[in-house]
There are 2 protein chains.
Amino acid sequence: MTPRPGLNQDMIVDRALQLAEEGGLSTVTMANLARSFSIKPPSLYNHFRNLHEIKQSMALKAQDMLYDHLKKSVNKEVEPVERIQEMAKHYVTFANRYPGIYEASLIAPDLNEGVYQNGEEPLVQLLQKYLEPFSLPDRETIHAIRGLRSLLHGLVDLHKKEGFKLGIEIEESRIYLVEAFLKGIEWNHK
Amino acid sequence: MTPRPGLNQDMIVDRALQLAEEGGLSTVTMANLARSFSIKPPSLYNHFRNLHEIKQSMALKAQDMLYDHLKKSVNKEVEPVERIQEMAKHYVTFANRYPGIYEASLIAPDLNEGVYQNGEEPLVQLLQKYLEPFSLPDRETIHAIRGLRSLLHGLVDLHKKEGFKLGIEIEESRIYLVEAFLKGIEWNHK
DNA sequence: TACTTAAACTAATGCCATTAGTTTGGAGTG
DNA sequence: CACTCCAAACTAATGGCATTAGTTTAAGTA
């Protein structure tokens, strides 16, 4: 049943994420993966159909890791706005500390092929939970989730592009923007 | 002085943007560019040092095109919030109508090598102008610009990924989010 | 011990970017 | 008009990549 069970999908995805972390997503190639296992590239095709499928698996695992990071690090005992601020901070921190994994988490799922339906992704569920105290109508909650994700990703992107340059800290922008955004959400609802 | 001036940088960049528009940025290759001009790939190296430089030039031109689109299509006679709503609408519209060009506009400039300093990019200048009526302190204006860009890009990204799926329209989110965001900005300032 | 089969392999194809070195044709000069 | 020059094309080659087809191998099972 299992002759020579040396490698498996999990090992490959983990190594792929490690490569992404060390040199960026563009260094995740069949050739580099094979090299890292001291095997030849064609051997990888015994475990995945092609590089694209490996990247899809990377995306799912990376999203899980981000989700776990956000979930475990958020204090339940603070008020709603502060809780979202904390979450936002952890989001940005994770993305900056593990840029390769974050990059992998952004890989788009195949159209009509994702494991999650719209709005089913763990991260969306989490944001939805944190927005519950605001008692928004469903439609507005969806808008708010879209807005928050956009703001968070935009801040991460900014940090990557000009984090080293002079200028106003991204951290300060994050605090200001989340604050303003939530205020605007509340105001709009009233 | 000028023997056989057949091709030049502008022609190559224009064709590269055309290829991006037809098949996405990943189809912009030396091989495809050469094919489109009926020449051999090495000939392109007489005009650009490598593919990377071509892509950098594409980014600049694409950013110009986006900027021109936003600039010319905004009505001066409306109130500040409505003006930003219009701009946002045109931003999203442009990105959806010319996905390849928009994709090219996002290519990151080489670190320490861009033609613009921080905050000098035309798009940033435009946003700054539209935010002037809000009379924000300089720091808050910078935060607001960062937030607006993030929201706009996030909406475009969402449209690309799930624009065809069922669900609440991106257009509605745009209207809601810009409205809420600007409300929050004003509130925070008071 | 022999069989089966997954997981490795070799060999090959066809992309791609890039470099080195060569040819060529049009503009300017005598 | 013939000559020179040189930018812009070319050919040939290298080395990287993903992927496929077909072959070998070795570990567990009968």
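A, B, ... follow the sequence lines: proteins, then strands. Residue 1 opens every chain.
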> When every nucleotide of nucleotides 9-21 of chain C is labelled 5' to 3' by its protein contacts under 4.0 Å (heavy atoms), B for base, S for sugar-phosphate only, - for none, what sequence of letters results?
Replying inline: BBB----SSBB--
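A salt bridge links B:K61 with B:D14: at least one charged nitrogen is closer than 4.0 Å to a carboxylate oxygen. Salt bridge present: A:D68 and A:K71 bring a charged side-chain N and a carboxylate O closer than 4.0 Å.
Of the options B:R174, B:E172, B:E179, a side-chain hydrogen bond (donor to acceptor under 3.5 Å, both in side chains) to A:H143 is made by B:E172 and by none of the others.
Here B:K55 pairs with nothing under the salt bridge (charged side-chain N to carboxylate O under 4.0 Å, His left out) rule; sequence neighbours left out. Take A:Y98 and apply the ring-ring contact (aromatic ring centres under 6.0 Å, His included) test, not counting sequence neighbours, and it matches A:F94.
Between the CE atom of A:M11 and the C1' atom of C:dA7 there is a distance of 13 Å, given to the nearest Å. Protein atom CG of A:N8 is 16 Å distant from nucleotide atom P of C:dA6, rounded to whole Å. In this structure, the CG atom of A:L33 is 12 Å from the P atom of D:dT19, given to the nearest Å.
Atom CG of A:D138 has 12 or fewer heavy atoms from other residues, nucleotides or ligands within 6.0 Å.
OP1 and OP2 of C:dA6 both lie 4.0 Å or more from every side-chain N or O belonging to A:H47.
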